[in-house]
Number of protein chains: 2
Amino acid sequence: MKRIADSTVRRLSLYLRFLEEFEARGLTTISSEELAARGGTTSAQVRKDLSFFGSFGKRGLGYSVGELASRLREILGLGREWKVIIIGAGKIGAALAQYHGFRQRGFRIVAVYDNDPAKIGRALDGFRIRAMSDLVDDARRDPVDIAVLAVPAQAAQAVADLAVRAGIKAIMNFAPQQLHVPDSVALKTVNMAMELEGLSFALTNREST
Amino acid sequence: MKRIADSTVRRLSLYLRFLEEFEARGLTTISSEELAARGGTTSAQVRKDLSFFGSFGKRGLGYSVGELASRLREILGLGREWKVIIIGAGKIGAALAQYHGFRQRGFRIVAVYDNDPAKIGRALDGFRIRAMSDLVDDARRDPVDIAVLAVPAQAAQAVADLAVRAGIKAIMNFAPQQLHVPDSVALKTVNMAMELEGLSFALTNREST
DNA sequence: CGTAACTTGTGAAGAAATTCACAAACACGA
DNA sequence: TCGTGTTTGTGAATTTCTTCACAAGTTACG
């Protein structure tokens, strides 16, 4: 299969969200034009994105909301449950652990880790915080799919290495630190500072055309 | 000035981070090759990114760490302080309000808003939570640069409209909702669910080359 | 059945981003 | 001062992504 661009995957994710809204409103079909309007893109883009995976629409009519949604869920791998652990029980880790939006979409948090002795053993939204040193054993016994890193920058690479050693195949990194992992591990970094600097740049350079 | 791609701005932000590390270690020069290695890109990319803004290096030698860092700060608009408000004092809003990394980089949180009467007036990391209805007046009296949206999806668009009405020129959106704002307002959306779905896609489709 | 009004799927064109590759500039040592 | 070894800055080539534009399929309706 041809390599799918990151930007395409992001858009598929968006389309799915809109389709679910439409589904909730009881609508049964939708055109690429309507989908595009909500996503701030063009109908050609929508059709091209979908064309990488097959042809799901009916000419002259559009797409069946329910069918397209379920195809997208399948494409995005949302048909199954993914086991997620959160590493780092600080402010961000805690906010994530308590965020129930994950669960809805099939991402089930199975454990929270920290290496602060003061936190280990305490409860966090139903989870007893476990010691970081248990991670590798735990994950070997009961495999985990995704690790969410919410640790300080200076610890991030070491923790990522640990996660890789534990056999985890995907990491979502919230630490403001560039991580290096093997190619076989999927990595996404969400860096607040970088996003803010993007806004700062936009604010600074906006008079120019 | 030519339009600068988003991806370029992100990388500049990254380079600045590395330069600051180098600076802290007392190094005075760095080559595009070294910068590229840490950022997971190529030296040509680094040089091209910088070339949009001028020529900051010395052939045969590389870049002066201190000088390049300060030029990048200038380009990114980090020479001044930006006033930030956080809208939504829930889990995420609270985590953001307490995150002190903002301050270091010149993003100063000046207020936190919510519309839950039970929360208004209470303190959150030194801020007294204000009523959403005060926002427009507050911002007109004392202009704000950036609004961070940490409200539920169904409220997000209305709150964004409010922020726009208050004269705010940049919005960083944490709500899982596509927002529509005038072109004159800079918008960045960080959507956790989308990022996770990106990982899910990668995990699902990884055997193929 | 025939025609009008839509909308998809997709090659081809166009635009944008990345990489190549090399002349020009500089440091350093002899 | 000259030669060697670096490294930048940048046009050109290449690759990737987006948009165009239209044939082909579908519905609606008289």
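In what follows, every heavy atom counts, from backbone to side chain, and hydrogens, waters and symmetry copies are set aside. Letters A, B, ... mirror the listed sequences (proteins, then strands); counts begin at 1.
The nearest whole Å value for the distance from the CZ atom in B:Phe52 to the P atom in D:dG9 is 13 Å. To the nearest angstrom, C1' of C:dT8 lies 15 Å from CZ of A:Arg71. In this structure, A:Leu50 places its CG atom 13 Å from C1' of C:dT7, rounding to the nearest Å. In this entry the distance linking CG of B:Asp49 with P of C:dA16 reads 17 Å, nearest Å. Taking atom CZ of A:Phe53 as the reference point, atom C1' of C:dT10 lies 16 Å away to the nearest angstrom. Atom CZ in B:Arg10 sits about 12 Å away from atom P in C:dT18, given to the nearest Å. Rounded to whole Å, atom C1' of C:dA17 lies 14 Å from atom CG of B:Leu12. For the pair B:Glu33 CD and D:dG5 P, the interatomic distance rounds to 19 Å; values are reported in whole Å.
Phosphate contact (OP1/OP2 of D:dT6, side-chain N/O of B:Tyr63, threshold under 4.0 Å): absent. In this structure, B:Gln45 does not reach the C:dA17 phosphate: none of its side-chain N or O atoms is under 4.0 Å from OP1 or OP2. Side-chain N/O atoms of A:Thr42 include one lying less than 4.0 angstrom from OP1 or OP2 on D:dT19.
Between A:Asp145 and the choices A:Lys83, A:Lys169, A:Arg80, the salt bridge (charged side-chain N to carboxylate O under 4.0 Å, His left out) rule is met once, by A:Arg80.
Of all heavy-atom pairs between B:Gly66 and B:Glu23, the closest is CA-OE2, 3.4 Å. A pairwise comparison of heavy atoms in B:Val181 and B:Ala160 identifies CG1-CB, 4.5 Å as the closest pair.
Within a 6.0 Å sphere centred on NZ of B:Lys188, heavy atoms belonging to other residues, nucleotides or ligands number more than 12.
Relative to the side chain of B:Ser7, the nucleotides C:dT18, C:dA12, C:dG9 differ in distance, and C:dT18 lies closest. Closest to the B:Ser51 side chain, of the nucleotides D:dT18, C:dT10, D:dT10, is D:dT10.
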Report, as a single string ordered 5' to 3', how protein heavy atoms within less than 4.0 Å touch nucleotides 21-30 of chain D: B base, S sugar-phosphate only, - not at all. B-BBBB----
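Inspection of the A:Gln157 and A:Asp161 side chains reveals an N or O donor paired with an N or O acceptor under 3.5 Å.
Relative to the six-membered ring of A:Phe22, A:Arg25 meets both conditions, a distance below 6.0 Å and an angle of at most 45° to the axis.
Contact annotation: the side chain of B:Asp49 approaches that of B:Leu12 to within less than 4.5 Å [non-hydrogen atoms, C-beta and beyond].
Residue A:Ser32 is in sugar-phosphate contact alone, with no base atom involved, counting any heavy-atom pair closer than 4.0 Å across all strands shown.
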